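Below you'll find the structure, written out as structure tokens, and then a few comments.
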Amino acid sequence: MGSSHLTSFSFPSSERLKGSKCFDRVFREGYSLQSSHFVVLFVRNDLNDNRLGIMIRRKFGKAHDRNRLRRWIRETYRLTKPYTVKGFDIVVLPRKALSDVFTKVSFHQVFEELSELYKRIGA
RNA sequence: AGAGAGGGACGGGUGAUCGCGGGAUUUUUUCCCGAGGAAAGUCCGGACUCCAAGGGCGGGGUGCUGGGUAACACCCAGAAGGAGUGAUCCUUGGAUAGUGCCAUAGAAAAGGAAACCGCCCUCUCCAGGGCAAGGGUGGAAAGGUGAGGUAAGAGCUCACCAGCAUUGGGGUAACCCAAUGGCUUGGUAAACCCCACCCGGAGCAAGGCCAAGCAGGGGUGAGUGGUCCCGCUCUAUCCCCCGGGUAGGCCGCUUGAGAAGGGCGGAAACGCUCUUUCUCAGAUAGAUGAUCACCCUCGACAGAAUCCGGCUUACAGUCCCUCUCUGUCU
RNA sequence: GCCCCCAUCGUCUAGCGGCCUAGGACACUGGCCUUUCAAGCCAGAGGCAGGGGUUCGAACCCCCUUGGGGGCG
């Protein structure tokens, strides 16, 4: 019971989306969900798990801010894993509106917004 | 107490839970480590790797002097000039090797030439001659100030000052001091340049190995192409273009001009030496975050990507050391 | 990550350190013309990315910062 609880929140490297072919497939065939600050693209894969990819442009901000946003997106994915439908390749993109207000945004706001989008995957 | 000057250290802490990267132990867990003073800009200097092998040159860089260093455009000490009451700070080769430029204004902007308003003499005027003190122009006007001298003036003469040259002395040197001489020589080298010293080029996506796959394919060139560019020289069936195929894994990859402490040398930067001291990120879609509790001053700038030595830029706040000036009290 | 390049009116661009208070084209505004619009003519507004330095004087020369763009196995 304890071990299943541990694995449910983990984030191994097999659950990360790698390779430009995989990204191209999501962009070409995927469905999109949008909020005011994020775009989530997803497409069904042949695996039992989800795979998460994050794309943040250099234009978004300095390296420190890009790292922070990437960690927040991954943390949100990790914490909402038990409530998310399995078997999809997911790509998360920040929109331009986020980079303008990013210094004032907290983790909770990102978490609220992204977890809503994650729940709608596959619907 | 106030106002400053110089230099250094730190960059929230502790505990718990979940999660991530690496290593050790091993077959399943457990333990250990895990961003910065700037990791940044890529502005310099190296180490390292490749460029078939060379050769000088072009070209580039640095710029008071001496020392330190693997090396530097960095650091330390000193010199000259400038700013400040001061602690301190700022600047730095050569303009008598040559060339160029100095718009407008101004008479004249650099082989020593020139005269607009002027001054003086000859003189009725016209005109001729002497002069550069004063005015004016300009960022800058051909040494400055004072006295003598003169028709008026002028280094024409003299004194002092600035500057130049020579000689002597001190200092490793930049330079300083003294004497003598002739009376004088604009600014700009972050303009070309001269002098002294240094530099081959590209960069870890360098480069090497393995696996898979495609087509041992087609075309141009023979003094063309490549070694950063140009020229010379040397070498080779080589180079380039079009089209096609992969874009996976491993090595490089982190122990190093390393850190801490002690001793010695040195004025300092720094160097030498010892410790059975410490080992301190190594990812590759790219690891540090979230939650809870407590405390304080409620946390700025901001994230390693081959590695070091600097410089520069960004930065909330806290602490320490040395020194200066002003005011008050004893 | 490493290595380069660029920055001039709203846009595309000229520009020997002094002629530059920066020229031209399109676009914009106002006027003339036209019954009206377009075209044409006349006039106007609007810029050297920012900060230091060299120079008597910088769009131009030298540093630093910022913002764009490109190349690589």
Side-chain angles (χ1 to χ4, degrees):
Chain A
M1 173 183 163
S3 63
S4 68
H5 184 75
L6 288 175
T7 52
S8 68
F9 283 107
S10 70
F11 185 59
S13 68
S14 63
E15 290 185 42
R16 293 173 199 175
L17 191 61
K18 296 176 184 177
S20 57
K21 277 186 176 174
C22 299
F23 274 84
D24 286 345
R25 201 172 77 87
V26 175
F27 272 89
R28 208 169 50 246
E29 302 173 11
Y31 302 93
S32 76
L33 296 169
Q34 295 191 23
S35 70
S36 57
H37 294 133
F38 291 99
V39 177
V40 174
L41 301 169
F42 63 94
V43 70
R44 185 167 288 282
N45 60 16
D46 298 329
L47 305 168
N48 294 325
D49 282 323
N50 287 339
R51 292 192 298 180
L52 178 70
I54 302 164
M55 288 183 81
I56 305 170
R57 285 168 173 250
R58 197 189 188 86
K59 228 173 173 178
F60 176 82
K62 298 207 171 193
H64 175 259
D65 294 328
R66 288 188 314 232
N67 271 336
R68 195 161 56 143
L69 179 63
R70 179 171 46 77
R71 284 163 189 161
W72 285 359
I73 291 169
R74 288 216 323 227
E75 184 70 9
T76 306
Y77 171 80
R78 193 178 69 80
L79 293 172
T80 56
K81 254 178 80 178
Y83 316 105
T84 312
V85 185
K86 299 288 186 293
F88 287 93
D89 284 343
I90 305 161
V91 172
V92 178
L93 301 159
R95 302 183 74 177
K96 193 174 185 298
L98 184 61
S99 66
D100 300 333
V101 295
F102 187 65
T103 49
K104 302 167 195 164
V105 171
S106 68
F107 172 74
H108 294 281
Q109 292 172 259
V110 172
F111 181 83
E112 293 291 324
E113 197 173 323
L114 268 178
S115 58
E116 280 299 309
L117 291 174
Y118 286 153
K119 283 175 191 166
R120 288 162 57 194
I121 286 171

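This one's a predicted model, so the numbers in the text were calculated from it and none came from an experiment.
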B:G63: syn or anti, per glycosidic angle within 90° of 0: anti
B:C270 versus B:A257 - spacing of their C1' atoms, nearest Å: 14 Å
Check: A:Tyr83 main-chain N/O paired with A:Thr80 side-chain donor or acceptor under 3.5 Å: no
Complementary nucleotide for B:C278 - Watson-Crick or wobble, under 3.5 Å: B:G258
Counter-base of B:C323, judged by Watson-Crick or G-U geometry with both distances under 3.5 Å: B:G4
Flag side-chain contact, heavy atom, 4.5 Å: A:Arg51 against A:Lys18: no
Assigned partner base of B:C315, Watson-Crick or wobble definition, under 3.5 Å: none
Under 3.5 Å on both distances, the Watson-Crick or G-U partner of B:C20: B:G34
With the criterion being N/O to N/O and under 3.5 Å, what pairs connect the protein with nucleotides 20-22 of chain B, and how long is each?
unit_1, atom_1, unit_2, atom_2, d
B:C20, OP1, A:Phe11, N, 3.4
B:C20, O3', A:Arg16, NH2, 3.3

C:G68: syn or anti, per glycosidic angle within 90° of 0: anti
B:G55 versus B:C234 - spacing of their C1' atoms, nearest Å: 9 Å
Distance in angstrom units between A:Arg70 CZ and B:G286 C1', rounded: 7 Å
Among B:G289, B:A290, B:A304, the nucleotide that comes nearest once only the side chain of A:Arg78 is considered: B:G289
Watson-Crick or G-U wobble partner of B:U184, both distances under 3.5 Å: B:A162
Integer-rounded Å distance: B:A38 P and A:Lys62 NZ: 17 Å
Whole-Å C1' distance, B:C311 and B:C44: 7 Å
Protein-nucleotide distance (A:His64, atom NE2; B:G303, atom P), rounded to Å: 7 Å
Spatial distance of atom CG (A:Leu41) from atom OH (A:Tyr31) [nearest 0.5 Å]: 12.5 Å
Pairwise side-chain contact, A:Tyr77 with A:Asn50, heavy-atom cut-off 4.5 Å (strictly under): yes
Sugar-phosphate, base or nothing in reach of A:Arg51, heavy atoms under 4.0 Å: nothing
Backbone of A:Lys81 reached by a side-chain donor or acceptor of A:Lys86 within 3.5 Å: yes
Gap in Å between the two P atoms, one belonging to B:C325 and one to B:A79, rounded: 22 Å
Distance, C1' atom - from B:G68 to B:G45, rounded to whole angstrom: 15 Å
Of the listed nucleotides C:G68, B:A285, B:A35, the one nearest the side chain of A:Lys59: C:G68
Nearest-angstrom distance from the residue atom CZ of A:Arg68 to C1' of B:C301: 13 Å
N-glycosidic conformation, B:A35 - syn within 90 degrees of 0, else anti: syn
Verify stack between A:Phe23 ring and B:A285 base, 5.5 Å, 30 degrees: yes
Flag if over 12 foreign heavy atoms under 6.0 Å of CG, A:Asp24: yes
In B:U254, glycosidic geometry as syn within 90° of 0 or anti otherwise: syn
Interatomic distance at P, B:C20 relative to B:G289, whole Å: 15 Å
Polar side-chain atom of A:Arg95 near backbone of A:Ser35 as donor-acceptor pair, under 3.5 Å: yes
Side-chain donor/acceptor of A:Gln109 to backbone N/O of A:Ser106, under 3.5 Å: yes
Watson-Crick or G-U wobble partner of B:A115, both distances under 3.5 Å: none
Any side-chain heavy-atom pair of A:Phe42 and A:Leu117 under 4.5 Å: no
For B:A142, the Watson-Crick or wobble counterpart (both distances under 3.5 Å): none
Nearest-angstrom distance from the residue atom CZ of A:Arg58 to P of C:U66: 13 Å
Nearest-Å distance for atom pair CG/C1', residues A:Asn67 and B:A39: 12 Å
Opposite nucleotide pairing with C:C41, Watson-Crick or G-U, both atom distances under 3.5 Å: C:G31
Flag, side chain of A:Glu29 to backbone of A:Val43, donor-acceptor distance under 3.5 Å: no
Syn/anti state for B:C280 [syn: chi within 90° of 0]: syn
Side chain of A:Trp72 - closest among B:G303, C:G1, B:G289: B:G289
Shortest side-chain distance from A:Lys18, nucleotide among B:A35, B:A285, B:G289: B:A285
hbond_proxy A:Arg71 side chain to B:G303 base (donor-acceptor, 3.5 Å cutoff): yes
